[in-house]
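Heads up: the structure comes next, in structure tokens.
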Amino acid sequence: MGSDSETEKTIKEKKKLILLAPIAKPLAGKKLCKRTHKLVRSATKAKCVRRGVKEVVKSIRRGHKGLCVIAGNISPIDVITHVPILCEEADIPYIYVPSKEDLATAGETKRPTCCILVLTKPAKGELDQEVQEKLRTEYEQVVSEVKQLTSSLY
């Protein structure tokens with residue numbers, strides 16, 4: 001009975017990889033994907049995120065810094081093709097994750113989300129020192145792995 005659920009999980013993982021867009025590079029592996037989702041979850045609780053293409057583009061153009069997490073299974077792909085270019089121009093690291101549904105779950109929304117920008121500072125107010133320190137260490141860990149993955153690609 002346990003093996004059935006394991007095979008179902010592997011089938012779901014394969015379906016996610018099949019639905020990926022051809023431009024979804026650098027794509028996070030399982031371990032980096034988990035860390036990225038954990039970072040998005042904790043940043044959402046601290047109100048340090050921007051959800052959706054429109055909000056993310058607006059924040060990038062205004063000069064906000066952070067980590068851009070983009071879903072790889074977006075259809076049509078034209079919706080997000082300009083986001084990586086904006087991130088590169090603004091010197092913002094970005095990473096693709098396999099599923100928009102998982103990204104929305106990590107961002108604590110029911111609606112599937114194309115991309116999320118994890119900000120380094122909250123939009124309004126200040127965070128507790130302890131929460132801010134925890135968020136910063138998670139952020140720096142994920143960003144260093146993303147930069148390492150990106151440098152190995154190019």
Side-chain angles (χ1 to χ4, degrees), residues 5-62 64-123 131 134-154:
S5 63
E6 289 176 21
T7 55
E8 287 177 13
K9 284 182 182 178
T10 56
I11 291 171
K12 284 182 182 179
E13 292 294 322
K14 286 181 182 178
K15 282 185 180 178
K16 284 179 187 177
L17 293 177
I18 290 171
L19 295 173
L20 280 176
I23 66 160
K25 289 178 181 62
L27 181 67
K30 276 188 177 181
K31 197 172 185 181
L32 181 56
C33 196
K34 273 189 175 181
R35 281 196 182 131
T36 306
H37 287 317
K38 185 178 176 187
L39 171 66
V40 169
R41 204 172 301 118
S42 59
T44 303
K45 288 178 183 170
K47 301 205 184 321
C48 294
V49 294
R50 293 280 175 255
R51 293 181 193 89
V53 178
K54 194 174 181 181
E55 277 188 46
V56 168
V57 169
K58 200 186 303 179
S59 293
I60 291 171
R61 287 199 174 133
R62 286 185 178 161
H64 296 155
K65 295 291 181 187
L67 171 71
C68 189
V69 185
I70 308 169
N73 64 344
I74 303 299
S75 177
I77 192 76
D78 298 337
V79 174
I80 57 161
T81 51
H82 64 287
V83 175
I85 297 166
L86 285 172
C87 289
E88 286 176 6
E89 287 175 354
D91 212 23
I92 295 174
Y94 65 93
I95 188 80
Y96 284 89
V97 292
S99 172
K100 61 184 174 183
E101 290 81 12
D102 294 343
L103 187 58
T105 305
E108 295 180 359
T109 58
K110 294 175 184 170
R111 188 102 174 110
T113 307
C114 293
C115 58
I116 288 182
L117 181 68
V118 178
L119 302 170
T120 52
K121 297 175 187 172
V131 174
K134 181 185 173 199
L135 190 62
R136 182 168 301 285
T137 54
E138 282 183 28
Y139 173 82
E140 287 172 357
Q141 185 181 16
V142 172
V143 167
S144 66
E145 287 185 38
V146 168
K147 286 184 178 177
Q148 192 175 31
L149 183 66
T150 307
S151 66
S152 67
L153 275 177
Y154 302 111

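For clarity, every value in this text was computed on a predicted model and none was experimentally measured. Position 1 is the first residue of the sequence; numbering continues from there.
Applying the side-chain hydrogen bond (donor to acceptor under 3.5 Å, both in side chains) definition to pairs two or more places apart or across chains, none involves residues 78-87.
Among residues two or more places apart in sequence or in another chain, the side-chain hydrogen bond (donor to acceptor under 3.5 Å, both in side chains) test is passed with Thr44 by none. Applying the side chain to side chain contact (heavy atoms under 4.5 Å, CB included) test to Ala104 and every residue at least two apart in sequence or in another chain returns Thr109, Thr113. Listed by chain and number, the residues in a salt bridge (charged side-chain N to carboxylate O under 4.0 Å, His left out) with Glu145 are Arg35 (sequence neighbours excluded).
Side chains of Leu135 and Cys48 form a contact here, defined as non-hydrogen atoms less than 4.5 Å apart. Ile116 is not listed as a side-chain neighbour of Val56, based on a closest heavy-atom distance of 4.5 Å or more. The side-chain heavy atoms of Glu89 and Leu86, taken from C-beta on, include a pair separated by under 4.5 Å. Between Ile92 and Leu117, some side-chain heavy-atom pair lies under the 4.5 Å cut-off. Between Arg50 and Lys58, every side-chain heavy-atom pair lies at or beyond the 4.5 Å cut-off. At a threshold of 4.5 Å between non-hydrogen side-chain atoms, the residues Asp102 and Val97 do not count as touching.
Among all heavy-atom pairs drawn from Ser99 and Ala71, the shortest one is C-CB, 4.2 Å. When all heavy atoms of Ile95 and Leu27 are compared, the closest pair comes out as CD1-C, 4.2 Å. Here the closest non-hydrogen pair linking Val131 and Ala46 is CG1-CB, 4.4 Å. Residues Val146 and Tyr94 come closest through the heavy atom pair CG1-O, 3.5 Å. When all heavy atoms are compared, the tightest approach of Arg41 to Glu108 is CG-OE2, 4.1 Å. Nearest heavy-atom pair, Leu149 versus Pro26, reported as atom, atom and distance to 0.1 Å: CD2-CB, 3.8 Å.
If you take CD1 on Ile77 and CD1 on Ile23, they are separated by 4.0 Å, rounding to the nearest 0.5 Å. A distance of 14.5 Å separates CD of Gln141 from CZ of Arg136, quoted to the nearest 0.5 Å. Atom NE2 of His37 sits about 9.5 Å away from atom CG of Leu32, to the nearest 0.5 Å. Note that the OG atom of Ser42 and the NZ atom of Lys134 stand 6.0 Å from one another [nearest 0.5 Å]. The CD1 atom of Ile60 sits 5.0 Å away from atom SG of Cys68, with the distance rounded to the nearest 0.5 Å. Atom CG of Leu103 is separated from atom SG of Cys115 by 8.0 Å, given to the nearest 0.5 angstrom.
In this structure, Arg51 contributes its side chain and Gly107 its backbone to a donor-acceptor pair below 3.5 Å. Between the Lys65 side chain and the Lys121 main chain, no donor and acceptor come within less than 3.5 Å of each other.
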